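Take a look at the structure below.
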Amino acid sequence: LMPTVAAAAIGLIVVAAVALAAAAIPAVRRLRGAIVVLAAGGIPAAALAWLVGHSSTGLWWWVVPSVVALSIAGRVLAARLARTAVGTVRVLHVVAASLVALLATVAFPAWAAASGVPISTPWDEPAFLVAVVATLALGALAVARRLPADDRVTAGAALFAGAMIATTWLAVTFFTPWAWAPATALAVVGLVWVRSDLRPMRALFAAGTPLAMAFAGAGISVDPDGGNVAIGLAAAILAAAGVALVALPADPLGRRIWGIVTGALTTIAAVAGLAPTAPSGEAWLVLLLLTPVPLLIAAMFGDPIGGGSPAVHASWGSLALGVGTVWAWPDGRGIDAVETYTLPLAAGLLASAALLIWRRPVTDSTAAGRTALLATAAAVAVLPSVALA
C-alpha cells in the first residue's frame, strides 16, 4: 500500500507542476480555455497531494514542502499566468504558501512523535512552535524591504494571524513552560512593524502589539508560585501605554487603535484585579499600576489636560483608578474611618480642578466646570464626616 500511496503523491505533484509550467508558456496561454483547464487540474492536484502527504509519516516530510514550493513558484510566475488579474494570482499563491507552512508547523510535533524524533518541551507544543516560527518570519519580513509591498502585506497578515492565534492560546491555557517568550518576541517585532511604511501592517500591529505585551506580562507573572496574573497584566499594560508615546509614528489611525486596545485591556485588568478569585490584599497594586494608563492614552493625542482631542476625556479614568487604589488599600486592614474613603476622592477632585486651572484658558463654560469641581471636592471632604459625627 505504501508504494502505491507514494506513487500517487508523486503523480499529483507532477501533475500540479506540469500544469503550472504549461500555464507559464505563452503559446499555451493563447489557446482558448487552456488556463482554465490547467487551473482546474493543477490546483486540485496540489491540494490532494497535500492531503495524501498527511496519510503517512514517510510522505509528510517531503510532500508538504513540495506543495509550499509549488505555491512559491506560482507566485514567481504570476505575471506569466495571468494578464489582467496578476495581483490576485500573486496574493492567492502567497496566501496558499503561508497557510500550508503554518499548518505544517502545527503538524510537525505530531509527525515527530509518530516518527520517533525526540523534541523537548516546550517545542513539542504546536501553539508554541507556531508562535515562534510565525514571529521569526515576521521579523525577517519586517527587514526585507526589497520585497514587493503586496507580498509583504499578504504574507505578513497571514503570519500575524498565526502568531496572534498561537500566543492567545498560550496565554489562556497557562500550561506551557516559557509561554511568555513568543509573546515577548512578538511585541518586539510589533514595535518594528508599527513604524513600517505599509499602512495595513501598521494598523494590524497597533492592535496586536499591546495584546502581545499583555500576554507576555500575564505569562511572566504566572510562572512564579502564587503569582498574580492581574499584576503582571497591569504592568504590561502600563508599559504598552508608555512605549506608545515614543514608538508610534504620527499616524492617527495607529494611535487610535493602540489607544482603544490598551483601554480595553485596562478595563479587563481592573476587573481581574478586583475579582473575588484574585489574591486578597493585592487589588490596590493592580489599580495603582493602571492609574497612569488613561492619562498616557490621552497624551498620545496631544495635551492630556488642555488638548482639543476627544481623547482628552480618557484622562478622567486616571482619577477613578487613583481613587480606587486608595480605597482598595485598606481592604483587610481593619480601617473603617469614613475619611479614609472620602478624603482621597476630595483630593483627586481638587487636583483635577488645579490641572484644569493650570492647563486650560478661562472661559465662561470652563469656569463653571472648575467651580463645580471645587465645590464638589469641598462637599465630599466635609459633609460625610459631619453627618456621621
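Only heavy atoms go into these numbers, but all of them, side chains included; no hydrogens, no water, no symmetry mates. None of these values were measured; they are calculated from a predicted model. Sequence positions, counted from 1, serve as the residue numbers for this chain.
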Quick one: does W61's side chain have a donor or acceptor within less than 3.5 Å of a partner on W111's backbone? no
Heavy-atom closest pair, residues L102 and A158: CD1-O, 3.6 Å
Spacing of L296 atom CG and L290 atom CG [to the nearest 0.5 Å]: 11.0 Å
Could you tell me whether the side chain of W193 and the main chain of L138 form a donor-acceptor pair under 3.5 Å? yes
Distance-minimising heavy-atom pair for A22 and V28: O-CB, 3.3 Å
Consider only side-chain heavy atoms of I, L, V, M, F, W and Y, link residues closer than 4.5 Å, and tell whether V18 and V68 are in one cluster. yes
Where do A16 and L70 come nearest, in terms of heavy atoms and distance? CB-CD1, 3.8 Å
From CE (M213) to OG1 (T262), nearest 0.5 Å: 8.5 Å
Take I35 and L81 through the test side-chain contact (heavy atoms from CB on, under 4.5 Å) and record every step on the way to the result. CA-CA 8 Å; I35 294 297; L81 299 177; 5.8 Å; no
Would you indicate whether the side-chain heavy atoms of P109 and L129 approach each other to under 4.5 Å? yes
Is there a path of hydrophobic side-chain contacts, each under 4.5 Å between heavy atoms of I/L/V/M/F/W/Y residues, joining I257 to V192? no
Test your reading of the model: is there a side-chain donor-acceptor pair from T105 to the backbone of A101, 3.5 Å cut-off? yes
With hydrophobic residues grouped by side-chain heavy-atom distances under 4.5 Å, do L295 and L355 end up in a single group? yes
CG/L238 to CG/L289 distance, rounded to the nearest 0.5 angstrom? 6.5 Å
Do the side chain of T167 and the main chain of M164 share a donor and acceptor less than 3.5 angstrom apart? yes
Verify, without hydrogens or angle tests, whether T209 (side chain) and A206 (backbone) share a donor-acceptor contact under 3.5 angstrom. no
Anything under 30° is parallel, anything over 60° is perpendicular, the rest tilted; go ahead and classify W123 against F128. perpendicular
Close side-chain approach of I119 to F108, heavy-atom, < 4.5 Å: yes
Under a 3.5 Å distance rule, please check whether S315 uses its side chain to pair with a backbone N or O of P304 as donor and acceptor. yes
With side-chain contact (heavy atoms from CB on, under 4.5 Å) as the criterion, how do V130 and W169 come out once you've worked through the C-alpha distance, each side chain's angles and the decisive distance to 0.1 Å? CA-CA 11 Å; V130 170; W169 175 259; over 6 Å; no
Heavy-atom pair of closest approach, residues I297 and G259: CD1-O, 3.9 Å
For residues 198-208, pull every pair meeting salt bridge (Lys or Arg N to Asp or Glu O under 4.0 Å), keeping only residues two or more places apart or in separate chains. R199-D251, R202-D251
Here the gap from T168 atom OG1 to L211 atom CG, rounded to the nearest 0.5 Å, amounts to 7.0 Å
Before giving the answer on side-chain contact (heavy atoms from CB on, under 4.5 Å), spell out for W50 and V63 the whole-Å C-alpha distance, their side-chain angles and the decisive distance to 0.1 Å. CA-CA 7 Å; W50 180 78; V63 171; 5.7 Å; no
With heavy-atom distances below 4.5 Å as the criterion, would you say the side chains of F160 and L141 are in contact? no
Separation of R256 CZ from S309 OG (nearest 0.5 Å): 8.5 Å
May I ask whether V100 and I10 are part of the same hydrophobic cluster, defined by side-chain heavy atoms of I, L, V, M, F, W, Y residues being less than 4.5 angstrom apart, directly or through others? yes
Please tell me whether V293 and L245 are part of a single hydrophobic cluster in this structure, the criterion being side-chain heavy atoms less than 4.5 Å apart. yes
Any heavy-atom pair between the side chains of L288 and L321 that's under 4.5 Å? no
Are the side chains of P177 and T121 in touch, meaning some heavy atoms are under 4.5 Å apart? yes
CG of L287 to OG1 of T325, rounded to nearest 0.5 Å, is 4.5 Å
Pairwise salt bridge (Lys or Arg N to Asp or Glu O under 4.0 Å) hits with a residue in residues 122-146, at least two apart: none
Mind checking whether F205 and L186 have side chains closer than 4.5 Å, heavy atoms only? yes
Is any side-chain heavy atom of P148 closer than 4.5 Å to one of R90? yes
With distance as the sole test, does T154 use its side chain to make a donor-acceptor pair with the main-chain N or O of V91 at under 3.5 Å? no
Do you know which two heavy atoms are closest between A353 and L374, and how far apart they sit? CB-CD2, 3.7 Å
Could you tell me whether a side-chain N or O of S71 sits under 3.5 Å from a main-chain N or O of V67, the two making a donor and an acceptor? yes
Test: salt bridge (Lys or Arg N to Asp or Glu O under 4.0 Å). Region: residues 187-197. Which pairs qualify, not counting sequence neighbours? R152-D197
Testing the basics here: between A127 and A166, what is the closest heavy-atom pair and its distance to 0.1 Å? O-CB, 3.3 Å
Is any side-chain heavy atom of L170 less than 4.5 Å from a side-chain heavy atom of P182? yes
Short question: side chain of S115, backbone of A112 - any donor-acceptor pair under 3.5 Å? no
Do W62 side-chain atoms and G58 backbone N/O form a donor-acceptor pair below 3.5 Å? yes
side-chain contact (heavy atoms from CB on, under 4.5 Å) between L319 and W316, worked out: CA-CA 5 Å; L319 172 61; W316 288 103; 3.8 Å; yes
